[in-house]
A.B. asks: 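This is the structure I want to talk about, given as structure tokens.
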Amino acid sequence: MAIERYNPREVEPRWQKAWDEARIFEIDNDDPKPKYYMLEMFPYPSGRIHMGHVRNYAMGDVVARYRRAKGYNVLHPMGWDAFGMPAENAARDNNTHPKGWTYSNIDTMRRQLKSMGLSLDWSREFATCDVEYYHQQQALFLDFLEAGLVYRRKSKVNWDPVDMTVLANEQVENGRGWRSGAVVEQRELVQWFFRITEYATDLLESLDELDGWPEKVRLMQRNWIGRSRGARVTFPLVERQDGTADSIVCFSTRPDTLYGASFLAISAEHPVALERAESVPELREFIAECRKLGTSAAEVEKAEKRGFDLGLTVAHPFIEGKQLPVYAANFVLMDYGTGAVFGCPAHDQRDLEFARKYGLEVTPVLAPLDAPDQPVAVSDTAFVDDGVLINSGPLSGLRKDAAIEKAIEILAGKGLAVAETNFRLRDWGISRQRYWGCPIPVIHCDDCGVVPVPKSDLPVRLPDDVLFDKPGNPLDRHPTWRNVPCPVCGKEARRETDTMDTFVDSSWYFARFTAPRADTPTLPATANAWLPVDLYIGGVEHAILHLLYSRFFTRGMQATGHLDLKEPFRGMFTQGMVVHETYQIDRDGRPEWLAPTEINISEKEGGRSAERIGTGEPVRIGAIEKMSKSKKNVVDPDDIIATYGADTARFFMLSDSPPERDVIWTAAGVEGAHRFVQKIWRLLGESASQLAAIQAGAADQGAAGDLSRLAHKTVSAVATDIEKLAFNKAVARIYELVNALAAPLSEVRAGRATPEMQAAVKQACEYLLRILAPMMPHFAEECWRLIGKSTMIALEPWPAHDETLIAEDLLHLPVQINGKKRADLAIEASAGPEEIEAAVLALDAVCLALDGKQPKKVIIVPKRIVNVVI
RNA sequence: GCGGACGUGGUGGAACUGGUAGACACAAGGGACUUAAAAUCCCUCGGCCUCUGGCUAUACGGGUUCGAGUCCCGUCGUCCGCACCA
């Protein structure tokens, strides 16, 4: 009997509607089942979803549907990270309004996501640009302000001259804005800051307990927070200047090397240098040059270590009468430590280079551990390993670590040192001079200063009537919005026109999902019940910023009583990108990119070649790269879903490539996935009536037993694979099960199968569909109907596999002779070591090799292997 | 420069805690069905040889072990993060 091909275009919308109408993914906070919070990073509504979204949400949906089948109450929400610059750029370029542009993009992308058949609770959807959301964010801001977690200060900021806004340190990459790519300038502005450094130690140390996170991400955060323990050491100036300074304080992680110090280097921005510059024109010039110095990797690499002798000297804190010269140096950063370091050339490579250049002394004060009496000859490589102190007065003879403590202890007694820990992490500057963001809810009054907007006056709404005809912040130019009476004295005052960094919006949305309509930021009891997120999936590009900010925010929300936990994400996973080949032709001598839809690829034994559709021009097949519009190597999810259906797209995304690695999108791969869908449809469809009629029964004998065992094994292994997110392995096992089902199914169809075999086949088919359902939900529903079921497979529990059925009664043991495989042994699983050894020694291959002699040793690894050593 | 990850067929990748290397898939080649094509089905598919068998093979060179893709040392290469952080 011929069966029609499976038609996802008809089937998928029908099941989406059925799920929707049954509201099976809308969940109840009071459900007594154990909770599971599955979250994928919410998208920025840029216009259309891309394949990266498809991959991310396909993976998340497998886990959500699997957990639901396993009996969990699964929270699986979706929203929109909807504030941000592209909306303003679009407004400027296309004469639209950011709001209209954003919400219309959301509508498009919501439709696209719905066409994927994701098991999302859409009743909890929100966008961060919804007034209701940023209202609560403003309330949080006020609470943070009151708790001292927000402050305002004048600071040097990273100014992006293209986007005309301030960037956080985290948003500057190699001296360029992360979005615009423009070279960032330094400006002095009054800015709002979140006091993330308050939690530096906690954020660092808690990483140790986040064992559900990739080690790589934890490491990146550790490095970013960048703790270093050391000491502040005071070097008194020998001749006081006219000004205020009478000493220079250095931060050092190696106070043990103080006896080897031969100079001080301070930042060009250091107050002592600036003061000195007032009377020394050459120094002014030097400082100006330092300011110009780029911070990009390449520039730093080749920038020469340069110094300017300030003509000042400081007293050595240990050695009576010894004086050290003070340099301003281009490699000392003002915003780390104290902006001043002491140089110990023998034990620091950079100091050594500096010392060689300016002819300063190089005094080794550490000897290697294995030759503590041998003075190290330092020529052009500093000795930086652990060692034993020499020529160091009271420190001599101590190991490095002990010497560090001793040095601090002695100097502390003289009031010249204090132990200190420094962090690389800076406070988080959140002021943005933009319109399309959450307004910072404060008012500036000439008399009362900075006044928080009373909570009863929230939300501070963004005005709709703004113009984007000029660069800069339209809120500044709005005729009336800024003007507001002071909440304290009633006098005319001005609203803050800065809005918040959009990273603030995404720092707490996961908590809002637990009670998205509450008129407080969270309902604490509800948030506590759902959080932490059990599994959070997103791109590795957020490994530092977003995840660190969210961890900070959770702590801040705990401090202000909005929830009661520190770590928002128990499990975390970073998925790889979707990449694609690139194609080029030469047009008038210049290379031009072609889209995959514009070319034809042919594959022969000799290799692959491509030509342009229509013209037949030969096409160069280029590198495999991240899908991007500029290289035209993008594949539109809408097209794929229209052609193959969402299930095929989802299944292909899960196949082959491990989820943390990049997946290469190929037409052949998608077609392969689609063929598999049709194959199952055909196999089941051809035997559908027979399958529906089979009665359940025992299926544990002979060939039926083998099939039954495979089905149980597959169920168990696929569950483990999904829990480990090894979707590619789960897919491979499903292929194996289907391959094994083909022949028995045709026996069933032909009416030749024994009752036992029939029962085994029926059970295997049902198991197959139930484990396939998280990956290909629509298709599984349709097949479930096909074999005569009337329930919804989305509501079916995960099959309960039987461990005892998985156990084999006959073992196949490979037999090695001297480590090389020579034979196989089939033996009862219950056989003991003696029986196995006897059976092995009776094998022809073994007898032949032994040639009548006794083996030296027989190694039997239970259920694994036997090795006969001769 | 510092820190980390990785290196397996033509390709994506499997291989548990050291135990049969190459599961599963893609591509390719051959065949069946067909007037033909598509679809489908069957076979071959790391390399070499004296081919019902054997040798060799997991970037390269050593080592530990009865046994190494897996552990250790060294070399080379690729990718990622940070970057004048004292």
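Each chain gets a letter, A, B and so on, in the order the sequences are listed, and its residues count up from 1. These numbers come from a predicted model, not from an experiment.
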A.B. asks: With a 4.5 Å heavy-atom cut-off, do A:Met653 and A:Val54 have their side chains touching?
C.D. replies: yes

A.B. asks: Report the residue (A:Ile664 or A:Glu671) whose heavy-atom-nearest nucleotide on RNA chain B is the more 5′ of the two.
C.D. replies: A:Ile664

A.B. asks: Taking atom P in both B:A68 and B:U56, what distance in whole Å separates the two?
C.D. replies: 12 Å

A.B. asks: Looking at A:Tyr336 and A:Gly226, what are the two nearest heavy atoms and their distance?
C.D. replies: OH-O, 4.3 Å

A.B. asks: Using whole Å, what does the distance between atom P of nucleotide B:C80 and atom CD1 of A:Ile544 come to?
C.D. replies: 14 Å

A.B. asks: Can you measure from NZ (A:Lys357) to CZ (A:Arg306) and round to the nearest 0.5 angstrom?
C.D. replies: 6.5 Å

A.B. asks: Between C1' on B:C85 and CZ on A:Arg350, what's the gap in Å once rounded to a whole number?
C.D. replies: 8 Å

A.B. asks: Think A:Arg5 forms a cation-pi with A:Trp681, using NZ or CZ under 6.0 Å from the six-ring centre and within 45 degrees of its axis?
C.D. replies: no

A.B. asks: In whole angstrom, give the distance that lies between atom CD1 of A:Ile817 and atom P of B:G53.
C.D. replies: 15 Å

A.B. asks: Taking atom C1' in both B:G69 and B:G18, what distance in whole Å separates the two?
C.D. replies: 11 Å

A.B. asks: Scan A:Thr253 against the nucleic acid and name what it touches under 4.0 Å (heavy atoms): base, sugar-phosphate only, or nothing.
C.D. replies: sugar-phosphate

A.B. asks: I would like to know whether A:Asn818 and A:Gln816 meet side chain to side chain donor-acceptor pair (under 3.5 Å); could you show each step before the answer?
C.D. replies: CA-CA 6 Å; A:Asn818 288 338; A:Gln816 295 181 330; over 6 Å; no

A.B. asks: When A:Tyr6 is tested against each of A:Tyr644, A:Phe676, A:Phe779 for ring-ring contact (aromatic ring centres under 6.0 Å, His included), which residue passes?
C.D. replies: A:Phe779

A.B. asks: When you check every protein heavy atom under 4.0 Å of nucleotides 13-24 of chain B, what one-letter string (B, S, -) results, 5' to 3'?
C.D. replies: SSSB--BB--BS

A.B. asks: Are OP1 or OP2 of B:G4 and a side-chain N or O of A:Arg218 less than 4.0 angstrom apart?
C.D. replies: no

A.B. asks: Using whole Å, report how far CZ of A:Arg675 lies from C1' of B:C41.
C.D. replies: 13 Å

A.B. asks: Evaluate the side-chain proximity of A:Glu581 to A:Arg608: yes if any heavy-atom separation is below 4.5 Å, no if none is.
C.D. replies: yes

A.B. asks: Do A:Thr253 and A:Ser228 pass the side chain to side chain donor-acceptor pair (under 3.5 Å) test, and can you show the C-alpha distance, the side-chain angles, and the key distance before you say yes or no?
C.D. replies: CA-CA 7 Å; A:Thr253 56; A:Ser228 53; over 6 Å; no

A.B. asks: Side chains of A:Thr257 and A:His347: donor-acceptor distance under 3.5 Å anywhere?
C.D. replies: no

A.B. asks: Check this for me: does any side-chain nitrogen of one of A:Glu353 and A:Arg356 sit under 4.0 Å from a carboxylate oxygen of the other?
C.D. replies: no

A.B. asks: Please report the distance, rounded to the nearest Å, between CZ in A:Arg608 and P in B:G29.
C.D. replies: 14 Å

A.B. asks: Between B:U70 and B:G9, how many Å separate the two P atoms, rounded to a whole number?
C.D. replies: 14 Å

A.B. asks: With C1' as the reference atom in both, quote the distance from B:G13 to B:C2 in angstrom, rounded to an integer.
C.D. replies: 32 Å

A.B. asks: Tell me: CG of A:Asp256 to P of B:A86, nearest whole Å?
C.D. replies: 13 Å

A.B. asks: Closer than 4.0 Å, any side-chain N/O of A:Ser655 to the OP1 or OP2 of B:G12?
C.D. replies: no

A.B. asks: Nearest whole Å is fine: how far is B:A27 C1' from A:Ile621 CD1?
C.D. replies: 13 Å

A.B. asks: Out of B:C84, B:U56, B:G3, which nucleotide sits closest to the side chain of A:Lys820?
C.D. replies: B:U56

A.B. asks: Would you call the rings of A:His542 and A:His546 parallel, tilted or perpendicular, where under 30° means parallel and over 60° means perpendicular?
C.D. replies: perpendicular

A.B. asks: Mind checking if A:Val341 touches a base, just sugar-phosphate, or nothing, with heavy atoms under 4.0 Å?
C.D. replies: base

A.B. asks: Please report the distance, rounded to the nearest Å, between CZ in A:Arg229 and P in B:A86.
C.D. replies: 13 Å

A.B. asks: Roughly how far apart, to the nearest Å, are B:G7 and B:A14 at atom P?
C.D. replies: 10 Å

A.B. asks: Anything below 3.5 Å on both distances counts as a pair; with that, list the stems of at least three consecutive Watson-Crick or G-U pairs involving RNA chain B.
C.D. replies: B:1-7 with B:76-82, B:10-12 with B:24-26, B:28-32 with B:40-44, B:46-49 with B:53-56, B:59-63 with B:71-75

A.B. asks: Mind checking the C1' distance from B:C82 to B:U75? Whole angstroms is fine.
C.D. replies: 26 Å

A.B. asks: Do you know the tightest heavy-atom contact between A:Ala261 and A:Phe342?
C.D. replies: CB-CD1, 3.6 Å

A.B. asks: Measuring only the P atom in each nucleotide, how far is B:A57 from B:G4? A whole number of Å is fine.
C.D. replies: 32 Å

A.B. asks: Could you run through nucleotides 68-74 of chain B and give me one letter per nucleotide, 5' to 3': B if any protein heavy atom sits under 4.0 Å from the base, S if only the sugar-phosphate is that close, - if neither?
C.D. replies: -------

A.B. asks: Quick check: do A:Pro596 and A:His580 have side-chain heavy atoms less than 4.5 Å from each other?
C.D. replies: yes

A.B. asks: Between B:A37 and B:G53, how many Å separate the two C1' atoms, rounded to a whole number?
C.D. replies: 44 Å

A.B. asks: Can you find a side-chain donor-acceptor pair between A:Gln221 and A:Arg551 that sits under 3.5 Å?
C.D. replies: yes

A.B. asks: Using O4'-C1'-N9-C4 for purines and O4'-C1'-N1-C2 for pyrimidines, with syn meaning within 90° of 0, is B:G62 syn or anti?
C.D. replies: anti

A.B. asks: Using a 4.0 Å heavy-atom cut-off, does A:Lys856 contact any base of the nucleic acid, only the sugar-phosphate backbone, or nothing at all?
C.D. replies: nothing

A.B. asks: Heavy-atom nearest nucleotide on RNA chain B for A:Asn223 versus A:Gly337: which residue maps closer to 5'?
C.D. replies: A:Asn223

